[in-house]
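All ligand and atom numbering here is 1-based and tracks the order in the structure. These numbers come from a predicted model, not from an experiment.
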Amino acid sequence: MFIPTLERQCTSEQREKFLPLCYDYRIIGTYAQTELGHGTFLRGLETTAHYDPNTQEFILNSPTISSIKWWPGALGKTSTHAVVLAQLYTLGKCHGIHPFVVQLRSLDDHKPLRGITVGDIGPKMGFGPNDNGYLKLHKHRIPRTNMLMKYSQVSPDGTYTKPPRSTLTYGTMTFVRVLIVHGSAIALAKASTIAIRYSAVRRQSELRPGEPEPQILSYPTQQHKLFPLLATAYAFHFVQLAMMKIYTDVNDQINNSNFSRIQELHALSSGLKAFTSWVTNAGLEVCRMSCGGHGYSQASGFPRLYADFTPSCTYEGENTVLMLQSARYLVKCVRDARSGKTLPGTVSYLSEDVSAVHSGGSSGRDLSNLDFLISLYKQRASNQVHFASDKVDRGISAGMDLVGALNSASVHLVSAAKAHSHYFIAKTFVESLKLLKASSELQNVLHQLASVYVFEGIAQSSGDFIEDYILSGSEAKTIRQLAVDLLPLIRVNAVSLVDAFSFRDEVLQSVLGRYDGNVYENLFKWAQNSPLNKTDVHPSYHKYLGPLLKRNQSKL
Ligand SMILES: CCCCCCCCCCCCCCCCCCCCCC(=O)SCCNC(=O)CCNC(=O)[C@H](O)C(C)(C)COP(=O)(O)OP(=O)(O)OC[C@H]1O[C@@H](n2cnc3c(N)ncnc32)[C@H](O)[C@@H]1OP(=O)(O)O
Ligand SMILES: Cc1cc2nc3c(=O)[nH]c(=O)nc-3n(C[C@H](O)[C@H](O)[C@H](O)COP(=O)(O)OP(=O)(O)OC[C@H]3O[C@@H](n4cnc5c(N)ncnc54)[C@H](O)[C@@H]3O)c2cc1C
């Protein structure tokens with residue numbers, strides 16, 4: 001995050017000064033924003049940067065225990081520099097959070113500089129090799145030119161020039177949220193690869209006496225666990241491509257001082273980062289458990305995959321908070337639509353009157369038609385957003401201010417943002433396949449995946465569709481069965497569909513997911529290499545077990 005922030009927030013002179021040092025690994029940096037007391041509420045960050053016009057320096061300080069920077073990756077022992085987000089004070093006035101480049105350690109002996117207390121925050125659930133650290137600043141001085149001044153400036157005499165948009169400082173977070181959508185796709189693809197390959201190798205139980213033990217991949221329940229997740233990995237692959245395209249387009253506009261779509265980008269990236277990381281996080285556990293006992297072994301690769309992925313739901317914007325950000329924008333769009341404004345592409349459906357299109361229960365609707373079902377996802381999202389928006393309006397009519405009304409409706413707002421994200425993902429998946437140049441056989445297989453994603457998405461949220469009369473109960477039941485009917489068809493290509501991700505064994509890091517399927521021999525080899533097996537009799541025997549056993553044997 002250090003380099004993307006410099007690339008986005010530096011003036012051209014600052015780029016020339018800092019970026020070559022980064023690209024040549026002459027300095028290593030981190031993004032120091034979160035503090036002990038604040039990670040979500042950025043306007044509450046307490047680190048200060050007071051401008052001293054006499055020396056043309058900023059004095060950075062951690063005034064309280066809660067202001068100590070806490071969590072930044074590689075801050076503890078590795079980074080020589082950091083982008084520090086601090087409250088800017090100049091000429092006696094506070095101008096809010098701004099980014100500053102701060103050198104932390106000497107480039108000669110790597111020792112922390114004067115005024116810098118830095119270290120590792122201690123062991124975590126995962127990310128063992130990453131020295132997430134703490135940073136306490138003691139009136140540490142940096143040159144005026146170390147404030148990143150592309151969007152806002154402090155002149156030598158201390159005069160402040162404000163940015164065209166205060167939220168431009170938040171740009172790197174948006175970029176990383178977009179990357180996390182990609183990270184979710186990759187993590188779910190890895191977990192699907194491990195679980196499906198292992199399920200093709202593992203044979204267990206005897207269905208009928210005398211029959212050979214079947215591959216566990218042949219059990220409908222195993223297929224029902226794994227194939228919707230496999231389809232989700234493909235869905236997330238296509239949605240991260242679409243998300244990155246939108247990000248690149250809007251970022252180009254921002255670079256040309258066109259900020260018209262910055263809100264839409266923030267809302268979409270927030271919703272997709274939260275939705276994809278929540279779904280992936282849960283999916284990793286389903287994949288692990290589908291591998292039985294061996295899934296619980298470090299050899300499976302699942303413990304590390306889960307421990308390293310699960311913070312995606314927290315960092316770069318805690319998921320609930322990001323869903324609320326997304327929902328807040330959707331409520332704003334409903335208002336804009338009501339006042340006749342044209343809505344941007346990803347939310348234009350909110351100005352359509354979808355309620356008249358489908359009323360649940362009418363017979364003869366083709367429930368296997370994906371375009372039709374995507375229109376139901378649209379209706380569900382529109383209904384949820386309008387329902388939540390009406391809640392907000394009622395709160396205001398009851399005398400609440402906007403913040404109070406948004407807060408009281410927040411449970412429904414999160415549901416609305418989830419439905420909006422789900423609709424975007426399902427629609428993008430189906431539309432991406434239409435644009436794909438592929439053989440009819442391949443189109444057919446991918447259509448099966450898109451179908452099981454769309455069907456299962458409705459089955460798992462059928463309450464939303466039934467409560468709003470989008471589907472009748474019997475139609476929801478039919479769609480649930482359509483997903484189950486597809487499983488044996490997907491079974492035929494399941495291993496090829498994970499091979500298509502082409503993770504090398506060294507990347508997958510899983511004995512269960514080995515490309516050659518040679519699991520048992522390599523599990524035994526892996527176990528024998530376990531540190532505990534360096535000696536037949538572990539040294540601890542002589543200290544504890546031996547004396548204990550001998551003492552008790554003498555009593556026999
Ligand atoms: C090319 C490369 C290809 C590569 C390909 C290979 C890829 C491989 C893929 C693998 C990769 C793996 C992933 C990477 C690893 C990850 C490592 C990351 C480690 C983790 C790092 C971190 O963890 S780093 C800290 C993150 N810490 C937050 O994330 C704080 C959240 N907290 C807030 O973000 C604010 O606190 C919060 C809540 C908005 C309220 O902010 P606030 O109070 O100031 O504002 P309000 O809510 O009042 O909103 C006031 C108005 O600002 C608007 N607005 C707010 N944000 C905006 C924004 N970003 N953009 C525009 N507009 C924004 C809002 O929409 C309102 O607009 P309006 O007024 O019009 O409604
Ligand atoms: C592995 C890891 C790496 C990290 N790397 C970095 C890094 O490199 N740089 C950096 O600056 N930070 C980093 N962070 C910090 C991370 O960005 C924060 O932890 C994250 O932003 C969440 O903030 P928080 O911890 O204050 O959680 P909190 O906001 O305290 O969340 C706690 C609970 O409060 C709820 N909540 C908070 N606000 C609201 C609200 N307005 N409405 C409703 N509910 C709310 C949340 O939903 C959540 O359930 C990292 C964290 C981790 C775990």
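Across all their heavy atoms, R15 and P20 have their closest contact at O-CD, 3.3 Å. Contact detail for P303 and G295: the closest heavy-atom pair is CD-O, 4.1 Å. When all heavy atoms of T48 and A86 are compared, the pair lying nearest together is C-CB, 4.0 Å. Of all heavy-atom pairs between Q384 and A419, the closest is CG-CB, 3.9 Å.
In terms of protein heavy atoms, atom 40 (C) of ligand 1 is closest to Q325 NE2, 3.8 Å. Scanning all protein heavy atoms for the shortest distance to atom 65 (O) of ligand 1 gives Q263 OE1, 3.0 Å. If you check which protein heavy atom lies closest to atom 68 (P) of ligand 1, you get R328 NH2, 3.9 Å. In this structure, atom 43 (O) of ligand 1 lies nearest to the protein heavy atom R43 NE, 2.9 Å. Shortest contact from atom 7 (C) of ligand 1 to any protein heavy atom: H182 ND1, 3.5 Å. Nearest protein neighbour of atom 34 (O) of ligand 1, counting heavy atoms only, is R177 NH2, 3.3 Å. In terms of protein heavy-atom proximity, atom 18 (C) of ligand 1 is nearest to E316 OE1, 3.8 Å. Closest to atom 3 (C) of ligand 1 among all protein heavy atoms lies L179 CD2, 4.1 Å.
For R304, the CZ atom is loosely surrounded, since the number of other residues' heavy atoms within 6.0 Å does not exceed 12. Heavy-atom neighbours of K162 NZ from other residues, nucleotides or ligands within 6.0 Å: at or below the threshold of 12.
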**Prompt:** Checking side-chain hydrogen bond (donor to acceptor under 3.5 Å, both in side chains) for the pair S184/T276: CA distance, chi angles, key distance, verdict?
**Reply:** CA-CA 6 Å; S184 300; T276 60; 3.3 Å; yes

**Request:** Kindly indicate, with the supporting measurements, whether the criterion side-chain hydrogen bond (donor to acceptor under 3.5 Å, both in side chains) is fulfilled by S79 and T30.
**Result:** CA-CA 6 Å; S79 294; T30 183; 4.7 Å; no

**Message:** Is there a side-chain contact (heavy atoms from CB on, under 4.5 Å) between L413 and R328? Walk through the geometry before answering.
**Reply:** CA-CA 8 Å; L413 287 169; R328 170 177 169 158; over 6 Å; no

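With distances taken over non-hydrogen atoms, the option nearest atom 32 (N) of ligand 1 out of T30, T40, N132 is T40. Evaluated by nearest non-hydrogen atom to atom 16 (C) of ligand 1, the leading choice among Y247, Y315, F41 is Y315.
Of the heavy atoms in E318, none comes closer than 4.0 Å to ligand 1.
Here the straight-line distance linking atom CG of L265 with atom CD1 of I254 works out to 6.5 Å at 0.5 Å rounding. Once rounded to the nearest 0.5 Å, the distance linking OG1 of T47 with CD of Q87 reads 8.5 Å.
When the side-chain hydrogen bond (donor to acceptor under 3.5 Å, both in side chains) test is applied to T145, no partner is found at least two apart in sequence or on another chain.
Protein neighbours of ligand 2 below 4.0 Å, counting non-hydrogen atoms: Y31, Q33, T34, G39, T40, W71, P72, G73, F127, N132, P311, T314, Y315, E316, E318, T320, V321, L324.
Close approach of ligand 1 to Y31 (heavy-atom distance below 4.0 Å) involves ligand atoms 24 (S). Close approach to V321 involves these atoms of ligand 1, each under 4.0 Å from a residue heavy atom: 38 (C). For ligand 1 and M173, the ligand atoms under 4.0 Å from any heavy atom of the residue are 26 (C), 27 (N), 28 (C), 29 (O), 30 (C). Within the listing of ligand 1, atoms 25 (C), 26 (C), 27 (N), 28 (C), 30 (C) sit less than 4.0 angstrom from a heavy atom of Q33. When each atom of ligand 1 is checked for a heavy atom of G39 under 4.0 Å away, the hits are 30 (C).
The main-chain N or O of N258 is never found under 3.5 Å from a side-chain atom of N256 such that the two would form a donor-acceptor pair.
Every heavy atom of G73 sits 4.0 Å or more from the atoms of ligand 1.
A salt bridge is defined here as a Lys NZ or Arg NE, NH1 or NH2 lying under 4.0 Å from an Asp or Glu carboxylate O, and D336 with K341 meets this definition.
At a 3.5 angstrom cut-off on N or O pairs, T174 counts as close to ligand 1.
Just one of H420, E467, H422 meets the side-chain hydrogen bond (donor to acceptor under 3.5 Å, both in side chains) condition when paired with R380; it is H422.
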